[in-house]
Number of protein chains: 2
Amino acid sequence: MRELVKIFKALSDSTRLRMIKLLQQRELCVCEIMQAMNISQTRASRNLGILKNAGLISDRRDGLWVHYSTSRQKFNEYHQEINALIKKWLRDEDIIIEDSKRLKKAVKLSKAKPHK
Amino acid sequence: MRELVKIFKALSDSTRLRMIKLLQQRELCVCEIMQAMNISQTRASRNLGILKNAGLISDRRDGLWVHYSTSRQKFNEYHQEINALIKKWLRDEDIIIEDSKRLKKAVKLSKAKPHK
DNA sequence: TTCTTATATTTGGATATGCGCATATAGTAT
DNA sequence: ATACTATATGCGCATATCCAAATATAAGAA
């Protein structure tokens, strides 16, 4: 039950639900998420850590960047269904659409002036 | 998203998860729940209120008693699936089994000396 | 009416959570 | 080594959450 409580706690915050929705599109690094959501680096990193600690996302270091993802490897036994529910239940929300738009714009900018 | 956050908040507490598990067995009044879980009346009432406010359970007044239930009437669009997941994910936990045992004992006693 | 019972709510205190600021860490490059 | 970048973390503050104790409300009985 402790684990389940931890998972529901991780999900009971709009910042983190938005993150999950972004990560369901594709793997993203912290800097992409903070641009997409227009939030501080601290806030992005903290909340990604909470999701990771709850076993809902995983991370992968690639040089300076840490890429977060919902899709890779084995998580806890609840992960799959939780992810499907979030995908189904959070679709047309304005803020979700805005996040996606900002993500695309951020990607464009970083391609024009790549940081890698 | 606000509603979903509220639902996950309601679920992110072991007291309330235990309550849902008890109510999945059958409709129960507050006094039965506080006996089954061995908690105070304040705690029982308050947490039942949170679950109700999140649209996860309903109540029905019958004289002095207020009966809570997971099964009656229309809730929010998430209620059905959430309930199925809790049922599936929370099964063999010790505390859940103890709650059920205490519930049966409380029922026995109140049948010997009924309050209705 | 008053009395009793079942439930809800208010109050206050301890603990938890979310955030920004500043700083620390990890990795790359020179 | 230093400098730079991406990410993580320690700290403090404001707010939220959880609880018990006391009180309030609601319904029935006398």
Side-chain angles (χ1 to χ4, degrees), chain A residues 1-2 5-20 22-23 27-54 56-69 95 106-107 109-110 113-116, chain B residues 1-2 5-19 22-23 27-54 57-69 103 106-107 109-110 113-116:
Chain A
M1 180 144 61
R2 289 184 63 83
V5 168
K6 185 194 277 192
I7 288 171
F8 285 133
K9 255 194 223 305
L11 294 172
S12 64
D13 180 276
S14 60
T15 299
R16 293 192 286 273
L17 290 181
R18 287 164 64 195
M19 285 176 163
I20 291 178
L22 281 172
L23 291 172
E27 182 185 76
L28 293 169
C29 65
V30 179
C31 61
E32 286 174 310
I33 289 171
M34 50 189 285
Q35 289 178 81
M37 296 178 62
N38 195 28
I39 60 176
S40 73
Q41 184 265 322
T42 299
R43 190 170 158 193
S45 176
R46 270 259 160 65
N47 285 291
L48 286 166
I50 290 170
L51 287 173
K52 183 191 165 193
N53 185 253
L56 293 167
I57 62 176
S58 66
D59 62 347
R60 168 179 76 82
R61 186 171 268 279
D62 169 29
L64 286 177
W65 291 270
V66 175
H67 300 273
Y68 284 91
S69 167
I95 186 70
V107 169
L109 289 174
S110 78
K113 188 178 181 176
H115 57 192
K116 283 202 189 183
Chain B
M1 180 144 61
R2 288 183 63 84
V5 168
K6 184 194 277 192
I7 288 171
F8 284 132
K9 255 194 223 304
L11 294 171
S12 64
D13 180 276
S14 60
T15 299
R16 293 192 287 272
L17 290 181
R18 286 164 64 195
M19 285 175 161
L22 280 173
L23 291 172
E27 182 186 75
L28 294 169
C29 65
V30 180
C31 62
E32 285 174 312
I33 289 170
M34 51 189 285
Q35 288 177 83
M37 296 178 62
N38 195 28
I39 60 177
S40 72
Q41 185 265 323
T42 299
R43 191 171 158 192
S45 176
R46 187 159 190 291
N47 284 292
L48 287 166
I50 290 170
L51 287 172
K52 182 191 167 193
N53 185 252
I57 62 176
S58 66
D59 62 346
R60 169 180 75 83
R61 185 172 269 278
D62 170 29
L64 286 178
W65 292 269
V66 175
H67 300 273
Y68 285 90
S69 166
L103 175 59
V107 170
L109 289 175
S110 78
K113 189 178 181 175
H115 56 194
K116 280 202 194 186

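Just so we're clear, the structure is a prediction, and the values are computed from it rather than from any experiment.
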Asks: I need the minimum non-hydrogen distance between B:Leu48 and B:Ile57, along with the two atoms involved.
Replies: O-CD1, 3.6 Å

Asks: Before giving the answer on side chain to side chain contact (heavy atoms under 4.5 Å, CB included), spell out for A:Leu51 and A:Tyr68 the whole-Å C-alpha distance, their side-chain angles and the decisive distance to 0.1 Å.
Replies: CA-CA 10 Å; A:Leu51 287 173; A:Tyr68 284 91; over 6 Å; no

Asks: Between B:Leu22 and B:Glu32, is any pair of side-chain heavy atoms under 4.5 Å apart?
Replies: no

Asks: Checking only heavy atoms, does the side chain of A:Thr42 share a donor-acceptor pair with the base of C:dC21 at less than 3.5 Å?
Replies: yes

Asks: Give a yes or no on whether the backbone of A:Ile20 and the side-chain of A:Arg18 come within a donor-acceptor separation of less than 3.5 Å.
Replies: no

Asks: Counting C-beta onward and ignoring hydrogens, is there a side-chain heavy-atom pair between A:Met37 and A:Arg43 closer than 4.5 Å?
Replies: no

Asks: Give the rounded distance in Å between these two atoms: NE2 of B:His67 and P of C:dA8.
Replies: 11 Å

Asks: To the nearest angstrom, how far is B:Ile57 atom CD1 from C:dT7 atom C1'?
Replies: 13 Å

Asks: Starting from P on C:dC19, measure out to CZ on A:Arg18 and report it in whole angstrom.
Replies: 10 Å

Asks: Whole angstroms only, please: what is the CG-C1' distance between A:Asn38 and C:dC19?
Replies: 15 Å

Asks: What is the distance, rounded to the nearest whole Å, between atom CZ of A:Arg60 and atom P of D:dT7?
Replies: 12 Å

Asks: Starting from P on C:dG20, measure out to CE on A:Met34 and report it in whole angstrom.
Replies: 10 Å

Asks: Within a strict 4.5 Å, meaning less than it, do heavy atoms of the A:Met19 and A:Leu28 side chains meet?
Replies: no

Asks: Protein within reach of the bases, or only the backbone? For nucleotides 23-30 of chain D, mark each nucleotide 5' to 3' as B, S or -, using heavy atoms under 4.0 Å.
Replies: ---BBS--

Asks: What is the distance from CG of B:Asp59 to C1' of C:dA6, rounded to the nearest Å?
Replies: 14 Å

Asks: Side chain of B:Cys31 only, heavy atoms from C-beta on: which candidate in D:dT7, C:dT7, C:dG18 is closest?
Replies: C:dT7

Asks: Which nucleotide wins on minimum distance to the side chain of B:Lys9, given the candidates D:dC18, D:dT17, D:dA20?
Replies: D:dT17

Asks: Within less than 4.0 Å of OP1 or OP2 of D:dA8, is there a side-chain N or O belonging to A:Tyr68?
Replies: yes

Asks: Mind checking the CG-CD1 spacing from B:Leu11 to A:Ile7? Nearest 0.5 Å is all I need.
Replies: 11.5 Å

Asks: Within residues 44-52 of chain A, which residues have any heavy atom lying less than 4.0 Å from an atom of DNA chain D?
Replies: A:Ser45, A:Arg46

Asks: Let's see if you can work this out: which of C:dA8, C:dG20, D:dC19 has an atom nearest to the side-chain heavy atoms of A:Ser40?
Replies: C:dG20

Asks: Quick one: is B:Arg16 getting a side-chain N or O under 4.0 Å of the D:dC18 phosphate, OP1 or OP2?
Replies: yes

Asks: Just wondering, do A:Asn53 and A:Ile50 contact through their side chains at under 4.5 Å, heavy atoms?
Replies: no

Asks: Figure out the CD/P separation between A:Glu32 and D:dT7, and round it to whole Å.
Replies: 9 Å

Asks: How many angstroms lie between atom CD of A:Glu27 and atom OG of A:Ser69, to the nearest 0.5 angstrom?
Replies: 5.5 Å

